[in-house]
Visitor: 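Here it is, the structure in full.
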Amino acid sequence: DEVMFNSEVGLYRNFSTDYGGITFGCTEHPANPFAQGDVSTCPLNMYADPPGSTPMYKIVEDYARNSTTFLNDFVPAMEKMLTNGYAPGELTTVPMAPFDCHRTAKPMWQQRSFKCTAPTPNPLPTLTPHLLDPPEKARTYSGTYLGLKEFGQSMLSSPVAWVAADTTTGQFMTVDLGEVMEVHGVVTRKRADLVGQGQ
């Protein structure tokens with residue numbers, strides 16, 4: 001005899017489930033609700049990726065009959081997952097919300113769904129806008145007009161402006177904020193020494 005997990009049956013047979021996990025979608029199923037959880041009469045899962053390759057049900061059968069075949073595919077896949085995993089600190093543990101779930105008020109044989117209610121989430125904290133205008137020593141540029149230092153001034157209080165070396169694409173300015181921050185916007189102003197000239 002062979003034993004399968006629910007997830008493996010889903011790979012082997014082609015069927016659907018409702019919100020409560022009750023299977024449906026097989027025309028062979030009788031109308032008796034007690035029998036609707038039986039998937040043994042559902043058609044085999046013919047899904048194949050890429051199209052024309054070995055269908056899903058056949059892969060399940062091959063793995064069930066030969067554990068070596070399974071391990072030969074599983075071990076390299078697991079090693080790849082471990083190699084390409086997340087670095088320490090990239091994931092954050094978040095507690096599961098305390099959902100309150102209970103079955104609908106129906107006779108046991110008709111209970112096919114859960115009704116879940118979630119607590120009202122805590123409101124997000126209000127963010128206080130904080131404007132940063134780092135000094136020129138914290139700024140670097142792809143270049144300045146004629147290579148002149150006076151055209152490398154981009155602070156909001158600057159008497160001039162940053163004027164790029166030329167008008168081609170790819171010109172850039174880098175501003176070091178001193179630490180990792182969330183940036184929600186950028187403030188710009190017109191050039192101070194050319195009032196009314198559109199810069």
Side-chain angles (χ1 to χ4, degrees), residues 6-7 10-11 14 16-21 25 45 47-53 56 59 73-102 104 113-199:
N6 292 348
S7 57
L11 296 174
N14 185 15
S16 300
T17 60
D18 64 14
Y19 184 75
N45 189 347
Y47 177 79
D49 186 13
S53 61
M56 186 67 69
I59 296 175
D73 290 342
F74 172 78
V75 172
M78 175 60 75
E79 290 177 341
K80 184 176 182 179
M81 291 170 62
L82 294 174
T83 301
N84 297 337
Y86 293 95
E90 288 186 321
L91 297 179
T92 302
T93 301
V94 179
M96 182 176 179
F99 284 90
D100 179 22
C101 299
H102 57 275
T104 54
S113 63
F114 287 95
K115 182 178 181 181
C116 299
T117 56
T120 303
N122 295 325
L124 294 175
T126 302
L127 298 178
T128 302
H130 183 56
L131 178 62
L132 293 178
D133 192 16
E136 283 299 334
K137 65 181 181 180
R139 302 165 187 247
T140 57
Y141 309 97
S142 58
T144 60
Y145 180 65
L146 299 178
L148 298 176
K149 187 175 181 179
E150 68 176 289
F151 293 124
Q153 303 181 57
S154 59
M155 294 180 64
L156 294 177
S157 58
S158 167
V160 190
W162 168 50
V163 183
D166 53 57
T167 58
T168 60
T169 58
Q171 307 302 309
F172 64 88
M173 173 200 312
T174 302
V175 182
D176 184 359
L177 301 181
E179 61 182 281
V180 177
M181 293 185 178
E182 245 183 62
V183 178
H184 294 270
V186 178
V187 177
T188 61
R189 55 160 289 180
K190 63 182 181 180
R191 182 171 170 176
D193 64 336
L194 293 177
V195 179
Q197 295 191 34
Q199 292 190 32

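Along the sequence shown, residues are numbered consecutively beginning with 1. Below, all heavy atoms of this structure are taken into account, side chains as well, without hydrogens, waters or symmetry copies.
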Visitor: Answer yes or no: are there more than 12 heavy-atom neighbours, outside Met81 itself, under 6.0 Å from its atom CE?
Guide: no

Visitor: Work out which heavy atom in Thr144 is nearest to a heavy atom in Leu148; give both atom names and the distance.
Guide: OG1-O, 3.0 Å

Visitor: Can you see which heavy atom on Trp162 is nearest to which on Ser154, and at what distance?
Guide: CB-CB, 4.1 Å

Visitor: Determine which pairs satisfy salt bridge (Lys or Arg N to Asp or Glu O under 4.0 Å) with at least one residue from residues 148-175, sequence neighbours left out, and list them in order.
Guide: none

Visitor: Looking only at non-hydrogen atoms, find the nearest pair between Val187 and Leu156 and report the distance.
Guide: O-CD2, 3.9 Å

Visitor: Indicate yes or no for a side-chain donor-acceptor contact from Ser142 to the backbone of Phe172 under 3.5 Å, with no hydrogens or angles considered.
Guide: yes

Visitor: Between OG1 of Thr83 and NZ of Lys80, what distance do you get to the nearest 0.5 Å?
Guide: 9.5 Å

Visitor: Assess the residue pair Val183 and Leu177 against the criterion (side-chain contact (heavy atoms from CB on, under 4.5 Å)); give the C-alpha distance rounded to whole Å, side-chain angles, the decisive distance to 0.1 Å, and a yes or no.
Guide: CA-CA 10 Å; Val183 178; Leu177 301 181; 3.9 Å; yes

Visitor: Once side-chain hydrogen bond (donor to acceptor under 3.5 Å, both in side chains) is applied, do any residues pair with Asp133, and if so which ones, sequence neighbours excluded?
Guide: Arg139

Visitor: Could you report the tightest heavy-atom contact between Ser53 and Ala48, atom names first, then the distance?
Guide: O-CB, 3.5 Å

Visitor: Any idea which heavy atoms bring Gly152 and Glu136 closest together, and the distance?
Guide: O-OE1, 3.1 Å

Visitor: Indicate the atoms forming the closest heavy-atom contact of Tyr141 with Met173, along with that distance.
Guide: CE2-CG, 3.5 Å

